[in-house]
Amino acid sequence: MVENLRETRQGEVLFTDYTRGESVKKALSMERQDVLFEIKDSKLKGRGGAGFPTSTKWMLTAAAKSEEKYVVCNADEGEPGTFKDRVLLWEYPDLVFDGMIIAGYVIGAKEGILYLRGEYEYMLPSLEAYLEELRKDNLLGENICGKEGFNYDIRIHLGHGAYVCGEETALIESLEGHRGEARNRPPFPVTTGFNKKPTVVNNVETLAAVTRIVEKGGEWYKTHGTDKSTGSKLLSVSGDCEKPGVYELPWGTTISELLEKVGAKNTKAVQVGGASGVCLNKAQFDRTLGYEDVGTGGSVIIFDESRDMLKVLKNFMEFFVEESCGQCIPCRVGNTKLLEGVEMIEKGEFTFGYINKLKDLGKSMQVSSKCGLGQSSPNSFLTILENFKDEILNYANGGRNGK
Amino acid sequence: MENKDTRAPKSQQPHVVPKPEHPEHIGGSISIEINEKKVVVPMGTTILEACRNEGIHVPTLCHHDDLCVAGVCRICVVEVEGMRTLQAACAFPITAPIKIKTSTTMVRKARRHVIDLMLSEHYGECYACVRNNNCELQSLANEYNVDHYNFGHVKESQHEVDDSSYSVVRDMDKCVLCKRCVRTCIDLQEVGVLEASNRGDETKIATFLDKDLADVICINCGQCINRCPTGALHEKAVSDPIWEAIEDPTKHVVMQTAPSPRAAIGEEFGLPAGHSMTQELNTAIRRIGFDAVFDTNFTADLTIIEEGTELIIRLFQALVEKKEDVALPQFTSCSPGWVKYLEHFYPEYIDNLSTAKSPQQMFGALLKTFYAEKIGVDPKDIVTVATMPCAAKKYECNRPEMNDSGFKDVDYGLTTRELAKMIKEAGINLPEMPKSHFDNPFGDASGAGLIFGATGGVMEAAIRSVVEFVTGVKAEDVFERANVMPVRGFDGIKIMEIPIGDQVGPVPELIKHLVPNWDWLKGATLKVAVAHGTANAKKVMEDIKAGGELSKCHFIEFMACPGGCLGGGGQPIPTSPEIRKKRAEAIYAEDESLELRKSHENPHVVQLYKEFLTEGPCGHKSHELLHTHYTKRGKYIA
Amino acid sequence: MLVAEKNALTEEIEQLVEKYGKDRSALLEILHEIQKKHRSIPDFAQQEVARLLEIHPVEVYSVISFYTFLNTEPKGRNLVRICQTISCDMKNKQAVVNAVERELGVKIGETTRDRKFTVEYTNCMGLCDQGPAMAVNERVYMKLTPEKAVEILNEVK
């Protein structure tokens with residue numbers, strides 16, 4: 001089974017000591033708008049990758065007029081190379097669920113839903129048991145912690161193996177019993193979400209951060225990270241390094257610093273943000289992680305000199321061809337075309353003209369796909385072809401090893 | 001029918017901001033810019049609507065005026081200032097003062113890419129396609145100057161053609177996954193046979209468990225065909241064996257034409273919607289080589305007599321004889337899509353269906369008996385073809401019980417589209433044809449038969465006759481110019497009450513043997529309803545099940561297709577509320593222009609009862625030839 | 001399917017609908033339970049779910065076919081899923097796949113003749129720091145070697 005390393009983890013914001021319910025009690029002693037103000041002050045942005053200001057999302061949902069509202073915690077962590085939510089849910093359920101309760105209080109929801117990816121079904125019994133404890137402690141249920149009228153509970157909804165459900169509107173479709181196909185926006189979930197009710201959808205890590213912000217204040221939170229990227233970031237590090245795992249680092253850390261920390265040697269490339277992220281080469285290792293430079297949902301995959309970047313790209317494109325929901329044309333057919341292009345390069349049967357056409361196509365996909373999946377799936381195609389031009393060009397001369 | 005939001009089941013309602021009813025009350029209008037031109041639009045208008053109102057063309061594909069928003073093809077993308085990505089014009093409701101650009105380089109490139117991608121997996125060539133010259137993908141390719149395949153073109157068929165159904169052929173090699181058929185089948189018709197299956201590059205439109213269309217509960221309405229932008233869905237063609245029969249000197253090949261094809265076929269020859277071509281079509285059909293051409297309206301008139309008599313019998317049994325198991329309300333049975341819908345979804349109500357066959361099938365049975373005898377031709381040598389606005393008619397004529405003449409009563413059901421192709425293939429330009437009448441012994445029929453083509457038409461025809469039968473008062477004296485306005489128009493469900501009053505007339509000769517007098521109807525109120533599109537039919541049926549208002553009706557007209565037959569699945573493509581309205585206008589105008597506008601006054605019908613159906617309506621011979629039975633099919637798919 | 005089996009299935013689904021409600025949003029939970037018990041969602045069950053939730057059978061089928069973890073055709077009693085995504089791939093997942101294929105005598109995507117195992121690829125399981133990873137039913141296994149993988153399979157056997 002998956003280990004629990006809570007005792008040994010190090011970090012400044014999330015990976016520190018916390019007693020269950022503390023932040024909830026503090027939030028409940030405050031006015032809803034004061035909690036919102038604290039979060040606004042912290043400048044917290046969504047940790048799923050898109051980086052939308054959390055306070056704005058909450059404010060819009062709180063302001064929406066409806067008897068019924070929902071908090072959804074997006075634990076459909078499916079981005080290749082990402083496993084930080086696994087660690088949070090497994091080791092820090094207190095931070096996550098307290099964040100969900102606070103969200104429920106602030107926006108005026110009666111129900112929170114944890115959308116847990118099907119791959120994490122093994123966590124279900126322990127998470128259910130944990131929720132039971134919260135109910136016993138009156139952190140869930142009626143008049144929570146003595147707060148008259150605050151009735152709130154959390155249920156867990158299991159995913160069934162579809163990467164696209166990490167997209168918030170696809171996730172809502174899935175919750176409603178449909179295919180996980182992204183919706184047209186506007187309207188946004190903040191006004192028209194689950195069952196057409198105002199819904200706030202937050203990443204697991206975002207909610208965990210909320211718990212800390214409520215506990216220690218927005219001012220304190222801002223002392224971590226940079227001006228535009230406040231706080232810390234959990235990075236899921238895998239690939240060619242000595243110490244893969246989840247690291248909590250302040251925003252503003254450079255790629256080189258990270259590589260050193262995780263014991264990466266002879267690194268040739270770093271994929272930041274998973275398959276839908278960007279692939280950096282050596283010359284770019286001085287770039288910093290943060291919304292102002294290299295934004296990320298947290299996936300960092302390291303490749304050393306022995307790796308064939310075209311094979312890496314092929315793996316990514318195969319992933320998208322399978323995981324596209326298939327409803328919009330740019331994403332469904334576009335990804336297939338990009339994969340075909342990679343296979344053509346692999347066989348050495350391509351023209352530079354055609355590869356340029358595919359790059360152009362990739363750019364169109366970025367702006368014309370219906371949801372984030374198709375808008376970001378060409379990223380690795382474009383960056384690998386650009387940043388590892390020489391290596392890829394080698395295929396023109398009869399394959400990688402000059403066969 | 002025209003309100004897309006309330007019609008769709010909850011699960012399928014479009015996720016768009018509903019348009020406020022009174023935009024002026026909430027600050028209402030918004031000033032936006034389209035291509036640097038200032039425009040004021042009501043809050044909630046989509047970018048597409050705003051552009052169309054300004055005469056700015058934005059290409060569309062998955063969008064259809066009859067259907068809810070999908071936003072999946074991405075061909076209608078436009079730039080909205082300040083937004084990182086392009087926005088689908090069809091799916092973007094305007095709620096802020098945005099600036100839109102509809103034709104920038106980025107937009108044009110993205111659209112061209114969408115077209116290139118569709119073409120790359122679109123198997124087949126335009127010149128070998130049923131939709132050649134009437135294909136939205138082809139038009140887009142033309143609009144964007146596609147002269148080569150940027151991302152290749154699939155060279156082998158990827159899907160087997162499903163031609164298991166008598167009515168609808170599915171050629172998924174040509175499918176662009178716009179989901180118009182899905183939205184038609186699930187939202188518009190609420191039949192629910194088609195949905196997307198699988199995911200990613202394996203996504204396709206499929207039936208339950210990917211079974212053949214003939215093995216699922218398709219009602220053959222063909223509405224999906226009307227809304228398919230490409231050749232992925234089309235009717236099962238039958239023109240080849242018809243040409244062969246025409247060529248065969250031993251065969252006597254006759255055609256009957258329904259009213260709706262006549263009101264729409266001009267569209268296939270470049271005329272705007274709303275031109276009736278009845279008499280030009282007669283000439284064209286003869287020139288193709290048919291031996292005779294008859295008016296289906298004749299049997300529509302006959303249907304009114306048979307079905308009306310059946311209703312009177314049911315009412316008499318219920319009201320006078322106090323029988324308890326009389327199935328009321330009586331449902332019309334001339335729409336084969338509706339009949340199959342009922343057999344699948346509400347089999348417990350098949351006794352409510354009129355046993356009268358549809359006009360098409362009545363005609364078939366008469367042609368191979370009465371007519372065969374009259375002209376002295378062996379019925380086995382008669383080939384009966386019916387031009388119908390309908391895909392389901394192809395299925396209907398193949399129902400095993402439809403052989404009461406001793407032969408297959410109707411050999412081929414032809415759609416309006418197929419007939420247009422035959423005419424073109426024969427080198428005939430329909431609009432230039434001289435006019436000619438229908439052939440005897442059935443001649444030209446009444447306007448009552450003609451209006452069968454529009455929703456409410458059967459009911460109006462029935463009312464014109466029943467009112468005269470029962471009260472002895474002329475229909476013209478009850479309804480202005482005998483136009484029964486309450487049952488006309490495109491409201492999804494129309495209800496009408498007809499008070500009989502205290503004055504009743506003598507029982508007409510034709511049905512004297514069935515009812516002694518009309519005294520039992522004195523002071524009664526006849527309650528009727530009309531529904532078109534199976535989604536509305538479902539509403540009616542649910543109301544009846546729940547014992548609601550509609551369960552108190554005596555007679556209900558149901559048509560499977562939105563708008564009635566004029567919006568049928570065999571009609572020219574495209575279709576839209578506007579086009580259907582024009583076709584209806586043409587039908588009603590033709591009705592008004594006729595002298596003969598009541599079924600019971602049709603002299604050929606009167607003659608038929610004298611000469612052939614001598615036991616009168618619902619008599620033994622009628623039952624043998626003109627009535628049928630139904631099957632409880634249910635919904636279970638084996 | 002025998003009438004008795006059908007009746008039992010209907011009863012079972014009625015109970016699930018009782019538990020999760022008739023709303024469409026209950027669909028995936030109901031399907032999940034059926035899948036868990038029967039290792040697939042039989043035709044008849046799909047139609048019964050559709051009937052009880054008042055949706056069309058094709059909508060149920062459409063949803064099942066969308067999600068990787070739901071299926072209409074029965075699989076082996078034990079479902080082996082090997083992660084094929086990049087991080088596991090880099091940690092020599094291929095050696096594990098080869099060993100599993102050899103041991104069970106089937107290729108990826110196939111079911112053993114005794115219907116004991118079905119072997120499949122799966123996309124990222126979120127165990128990228130522990131690769132190569134594999135799941136047997138709901139249980140996950142990490143840092144696999146070919147030997148370890150075979151051992152696990154034999155334990156299941």
Side-chain angles (χ1 to χ4, degrees), chain A residues 161-164 169 172-173 176-189 191-193 195-196 318-341 344 354 357-358 360-375, chain B residues 10-18 44 46 61-62 69-77 79 83-88 90-96 106-122 150-152 176-179 195-204:
Chain A
Y163 164 76
V164 67
T169 61
I172 290 170
E173 283 288 298
E176 290 183 5
H178 293 276
R179 296 162 63 83
E181 294 178 344
R183 292 178 177 177
N184 292 306
R185 281 156 304 170
F188 293 91
T191 58
T192 314
N195 284 344
K196 296 198 169 177
E318 283 170 343
F319 176 83
F320 288 122
V321 166
E322 260 182 46
E323 294 292 350
S324 162
C325 84
Q327 65 167 329
C328 84
I329 291 164
C331 179
R332 182 186 73 245
V333 196
N335 281 312
T336 308
K337 291 294 149 193
L338 298 188
L339 174 60
E340 276 173 23
M344 287 161 106
Y354 189 66
K357 267 190 190 177
L358 288 178
D360 238 19
L361 172 65
K363 285 172 200 155
S364 274
M365 288 165 66
Q366 289 176 325
V367 292
S368 64
S369 294
K370 187 169 176 178
C371 82
L373 195 159
Q375 288 164 8
Chain B
K10 185 172 169 278
S11 66
Q12 289 289 326
Q13 274 171 23
H15 297 291
V16 295
V17 174
T46 63
L61 185 74
C62 70
V69 170
V72 296
C73 77
R74 316 308 287 175
I75 194 74
C76 68
V77 288
E79 257 186 73
M83 300 192 107
R84 187 178 56 85
T85 56
L86 301 176
Q87 302 300 317
C90 69
F92 193 104
I94 300 167
T95 53
M106 197 204 270
V107 166
R108 280 195 307 274
K109 251 192 179 172
R111 288 180 187 164
R112 172 67 198 259
H113 276 136
V114 168
I115 297 166
D116 282 332
L117 292 176
M118 282 192 283
L119 292 175
S120 78
E121 52 169 28
H122 187 80
N150 263 323
F151 300 107
V176 293
L177 282 163
C178 68
K179 292 199 189 173
E195 241 293 19
S197 78
N198 300 331
R199 179 178 86 198
D201 62 333
E202 291 184 358
T203 311
K204 62 174 181 177

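Naming convention: chains lettered A, B, ... in sequence-line order (proteins, then strands); numbering from 1 in each chain. Worth knowing before you read on, the calculation uses all heavy atoms, side chains too, and leaves out hydrogens, waters and symmetry mates. Everything quoted here is computed from the prediction, not taken from an experiment.
Residue B/Lys179 touches chain A through its side chain alone, counting heavy-atom pairs closer than 4.5 Å. Neither the backbone nor the side chain of B/Val107 comes within less than 4.5 Å of any heavy atom in chain A. The part of A/Ser369 that comes within reach of chain B is its backbone (N, CA, C, O), which places non-hydrogen atoms under 4.5 angstrom from that chain. Of the two parts of A/Gln327, the backbone and the side chain both hold a non-hydrogen atom closer than 4.5 Å to a non-hydrogen atom of chain B. Neither the backbone nor the side chain of B/Ala88 comes within contact range of chain A; no heavy atoms are under 4.5 Å apart. With a 4.5 angstrom heavy-atom cutoff, A/Asn335 does not touch chain B via any of its atoms. Of the two parts of A/Arg185, only the backbone, made up of N, CA, C and O, holds a non-hydrogen atom closer than 4.5 Å to a non-hydrogen atom of chain B. In this structure, no portion of A/Ala182 lies under 4.5 Å from any heavy atom of chain B. Only the backbone of B/Asn198 comes within contact range of chain A, with at least one heavy atom under 4.5 Å from a heavy atom of that chain. Looking at A/Tyr354, the atoms closer than 4.5 Å to chain B (heavy atoms on both sides) all sit in the side chain, from C-beta outward. For chain A, no part of B/Glu202 is nearby; none of its heavy atoms comes within less than 4.5 Å. The contact between B/Arg84 and chain A is made by backbone and side chain atoms together, counting heavy-atom distances below 4.5 Å.
When side chains are defined from C-beta on, A/Ile329 does not count as touching B/Ile75, because their heavy atoms never get closer than 4.5 Å. A 4.5 Å side-chain heavy-atom check between B/Val72 and A/Lys370 finds at least one atom pair inside the cut-off. No side-chain heavy atom of A/Glu181 sits under 4.5 Å from any side-chain heavy atom of B/Thr203. You'll find the side chain of A/Lys337 reaches within 4.5 Å of the side chain of B/Ser120, heavy atoms only. Two residues are said to be in side-chain contact when any heavy atoms from C-beta on lie closer than 4.5 Å; B/Lys109 and A/Lys363 fail this criterion. Using a 4.5 Å heavy-atom threshold, the side chains of A/Val367 and B/Glu79 count as separate.
Under a 3.5 Å cut-off, the side chain of A/Asn184 and the backbone N or O of B/Phe92 do not form any donor-acceptor pair. In terms of modelled atom types and a separation under 3.5 Å, the side chain of A/Arg332 and the main chain of B/Leu177 share no donor-acceptor contact.
Listed options A/Thr169, A/Val321, A/Thr336, A/Leu361 were ranked by heavy-atom pairs under 4.5 angstrom with chain B; first place goes to A/Leu361. Your options are B/Arg111, B/His113, B/Arg112, and the one with the most heavy-atom pairs under 4.5 Å with chain A is B/His113. With chain A as partner, the option from B/Leu86, B/Asp116, B/Leu117 having the largest number of non-hydrogen pairs under 4.5 angstrom is B/Leu117. The candidate with the highest count of non-hydrogen atom pairs below 4.5 Å against chain A, out of B/Cys178, B/Ala70, B/Gly152, is B/Ala70.
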- Task: I would like to know whether B/Arg199 and A/Glu323 meet salt bridge (charged side-chain N to carboxylate O under 4.0 Å, His left out); could you show each step before the answer?
- Result: CA-CA 7 Å; B/Arg199 179 178 86 198; A/Glu323 294 292 350; 3.1 Å; yes
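The two residues A/Arg179 and B/Ala196 have their closest heavy-atom pair at NH1-O, 3.0 Å. Taking every heavy atom of both residues into account, B/Ala110 and A/Ser368 meet most closely at CB-CB, 4.0 Å.
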